[in-house]
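Quick note on labels: first sequence line is chain A, next is B, and so on, each numbered from 1. In this text the structure is predicted, and so the values were computed from the model without any measurement.
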Protein chains: 2
Amino acid sequence: METVTIKLLAERLKLSTATISKALGDSHEISEVTKKRVFDLAKELNYVPNAYASSLRKNKSKTIAVLIPEVADSFFSIALNGIEEVAIEKGYHTLIYLTHEKLEREKAILSELLYGRVDGALMSVSSETDSFEHIEDFGKKLPVVFFDRVASAPATAKITTNDFECGYLATKHLIEAGCKRIVMLSISKSLSIISERSSGFQKAVADHQLDPATCEVVNCIGEGKTVHTTLTTILQGNNRPDGIIATVERLTTDIYLVCQQLGLQIPGDVKVVCFSNQASAVILNPSLTTITQPAFEMGRAAAKALLKRLKNPYLNLEEESEVIPSVLTVRNSTGG
Amino acid sequence: METVTIKLLAERLKLSTATISKALGDSHEISEVTKKRVFDLAKELNYVPNAYASSLRKNKSKTIAVLIPEVADSFFSIALNGIEEVAIEKGYHTLIYLTHEKLEREKAILSELLYGRVDGALMSVSSETDSFEHIEDFGKKLPVVFFDRVASAPATAKITTNDFECGYLATKHLIEAGCKRIVMLSISKSLSIISERSSGFQKAVADHQLDPATCEVVNCIGEGKTVHTTLTTILQGNNRPDGIIATVERLTTDIYLVCQQLGLQIPGDVKVVCFSNQASAVILNPSLTTITQPAFEMGRAAAKALLKRLKNPYLNLEEESEVIPSVLTVRNSTGG
DNA sequence: AACATTTACTTAATCGTTTACGTAAATAAA
DNA sequence: TTTATTTACGTAAACGATTAAGTAAATGTT
């Protein structure tokens, strides 16, 4: 099967490759008659432009990179959905990279992407990320847009949700439901979203005169067993918390399981609220009070900002920043 | 910031671009001394090869495409995880495309990918896909590997799970739990996995002398409201089913909700088993009996097969087909 | 009629990397 | 010592598309 290139079309039509290229680009330099001949033959032979030749020449790849910590988290998969939708709409392609919460991966990926493969990147930093040089280096060459988990540098568009308010709101909700000893489960010491949420948490604790000593932010780093063990330790103490705020979705299952195993009733003994986009929150036992982030919209907004910038290099990305509010949905896990 | 190219390295080291290129490729034609000089300078200047130039010249992009119906389904997001892991390991990049269960999208994506952008594709066909010419056309140019939802053509590696047995097993399990009127919820008339699962279903029904008239496969196509309405209709009839098998994860929430709304007890009035990879199955109310597919392994196997083929063009992909069994985990939704 | 402009092309260079082929010097084989 | 081989590089042509610059003919202007 012979590869259909511009050269082939040119030969068949007794035209130069330049004419073909311009005709396909619908240039005003080419007559309508010729354009039609070119379009027709291109269609007939099923011509598809070679993306790499074009990218090399134009120094544009029509491709963006998405760096996320993991994909098996509803927030990220839904956000990815939003990103992909915008990308496809504008004729862009989406490369996906999972950092698995590792700073090393993040660095390796960004440095490899520096030349030629993508026109820009969307990212949500890993939970290990506490320095930003690698991102700044990337940012000097190509535009980056952060969503959800942002870095303090470089200065660019940041699509976030109202994490501080949500931390405050979740805490306030628990306090009003009668909780005195609230624990917020964190997964990182450096993550922007976590520090925002915990600031909100601490402010709510202070505002309502709870004892800050019994209301702490606890790290729940690791996977599987580790989380389970940490939670068991937290929940079996004498002075165990009567309220839990999970800052990430994947902690939900372990919280419920540990409570079950320790014979703790939700919401009787412990009230639970999770930052989660799981559709199943409503059918859990008991149904789960959640803070639902606008994952899809955040993905869309981030992609839109990046693509806007790619269209207009003079765009100041910082001004494209957006804060899209999350929603607290009260269900039975914090009820009666 | 000057772009660091092979040409630049060549000038700095007073060597030809050919020598630099070969040195970077660790060619035997180049002396160790020269190689070291090249490597050192490349590292110092932070040289990153231009992927497009290389791809154009070598006619290889080190990129694979992943076409999946959606990503907000645990199966696909976990499979994607497996794919990405293998890809990164072998130095490949992963483009992601969501078909949103639309045949049109699938066609458009594949035809655009025909030249240059990727070296091959992994796909799970959309639920609308009932003809395969577009995939065959792609397959003539580039290798494809199917996972989970396979097409009958072209002949290539198919990474599946034991859908027939699982359909049989799920049904048998419900029958042994006392169900007489079992409904299997489908989402497509053409999907390979569905026809396999429903064949298993029908065989189990026949083997156990249940009335095939009351044990049917019902289409539950559409999203949100539509599914809810369909389920309500099914479950409120006089002769309503006492057993449900959901062939896809996303039906779970609606099943539970409709049962709640109609005052039907699970498992008392209706027993439920779902094909699902949701971690939350265990904390649902009641906990959900599932058939869990080896999503991660399937993703890995599919990616491995494709990359193996890319390394060895003579590899017969058909022989790389694999069937990785799923696991039935019995929980409370089919108990008592 | 003389000159200017527009139209519709072509020529050739370019993007950065790879590679077939060429070559001069060093080493080995006869 | 002469010829063959190996080593270590360089030259230049690709890969396919784009585009600045050039050109000849057609059309417009005064």
Side-chain angles (χ1 to χ4, degrees), chain A residues 1-39 41-42 45-63 91 112-119 141, chain B residues 1-39 41-42 45-63 91 112-119 141:
Chain A
M1 212 177 348
E2 196 177 6
T3 307
V4 184
T5 65
I6 274 193
K7 203 171 144 197
L8 182 76
L9 297 181
E11 281 163 13
R12 294 280 181 96
L13 295 174
K14 310 270 178 228
L15 288 169
S16 73
T17 59
T19 304
I20 307 291
S21 175
K22 288 174 187 166
L24 291 171
D26 202 22
S27 160
H28 64 274
E29 288 183 57
I30 308 299
S31 72
E32 292 305 321
V33 185
T34 306
K35 277 184 196 169
K36 183 154 176 19
R37 289 179 62 213
V38 175
F39 282 137
L41 186 66
L45 301 185
N46 233 307
Y47 168 76
V48 178
N50 182 302
Y52 289 119
S54 159
S55 297
L56 175 59
R57 180 58 225 247
K58 297 206 286 190
N59 199 22
K60 281 187 189 161
S61 63
K62 280 270 176 184
T63 305
E112 198 184 334
L113 290 180
L114 256 185
Y115 293 94
R117 208 173 270 276
V118 299
D119 297 340
K141 269 265 169 195
Chain B
M1 212 173 357
E2 197 179 5
T3 307
V4 184
T5 65
I6 275 192
K7 205 170 142 197
L8 181 76
L9 297 181
E11 281 164 14
R12 295 280 181 94
L13 295 174
K14 308 269 180 230
L15 288 169
S16 72
T17 60
T19 304
I20 306 292
S21 175
K22 288 174 190 166
L24 291 171
D26 202 21
S27 159
H28 63 274
E29 288 182 57
I30 307 299
S31 72
E32 292 306 322
V33 186
T34 306
K35 277 185 198 170
K36 183 156 178 13
R37 289 178 62 215
V38 174
F39 283 138
L41 187 65
L45 300 184
N46 234 307
Y47 167 76
V48 179
N50 183 302
Y52 289 120
S54 162
S55 297
L56 175 60
R57 179 57 225 247
K58 296 205 287 190
N59 199 23
K60 281 186 190 163
S61 63
K62 280 271 179 183
T63 305
E112 198 184 333
L113 290 180
L114 256 185
Y115 293 94
R117 210 173 269 278
V118 300
D119 297 340
K141 268 266 169 193

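- For the pair B:S16 and A:K22, nearest-nucleotide mapping onto DNA chain D gives the more 5' position to B:S16.
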Quick one, A:N50 with B:L56, criterion side-chain contact (heavy atoms from CB on, under 4.5 Å). Give me CA distance, side-chain angles, the key distance, then yes/no. CA-CA 8 Å; A:N50 182 302; B:L56 175 60; 4.2 Å; yes
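- In this structure, A:Y52 contributes its side chain and B:R117 its backbone to a donor-acceptor pair below 3.5 Å.
- The shortest non-hydrogen separation linking A:A42 to A:L24 is CB-CD2, 4.2 Å.
- Less than 4.0 Å separates DNA chain D from at least one heavy atom of each of the following residues of residues 45-60 of chain B: B:L56, B:R57.
- The closest donor-acceptor contact from the side chain of A:S55 to the backbone of A:A51 lies under 3.5 Å.
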side-chain contact (heavy atoms from CB on, under 4.5 Å) evaluation trace for B:V4 with B:N46: CA-CA 7 Å; B:V4 184; B:N46 234 307; 5.8 Å; no
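- Going from atom CD1 of B:I30 over to atom C1' of D:dT6 covers 14 Å, rounded to whole Å.
- Contact between B:K141 and B:L114 at its shortest, heavy atoms only, is CB-CD2, 3.5 Å.
- From B:L13, atom CG reaches atom OG1 of B:T19 across 10.0 Å, with rounding to the nearest 0.5 Å.
- Counting non-hydrogen atoms under 4.0 angstrom, A:T5 reaches the backbone sugars and phosphates but no base.
- B:L15 comes within contact range of the sugar-phosphate backbone alone, with a heavy-atom separation under 4.0 Å but no base atom that close.
- Chain A approaches DNA chain C over the interval C:dA8 to C:dG16, counting the first and last nucleotide 5' to 3' with an atom under 4.0 Å from its heavy atoms.
- If A:A18 and B:K7 are placed on DNA chain C by their nearest nucleotide, the residue sitting closer to the 5' end is A:A18.
- The CG atom of A:L15 lies 11.5 Å from the CD1 atom of A:I6; values are rounded to the nearest 0.5 Å.
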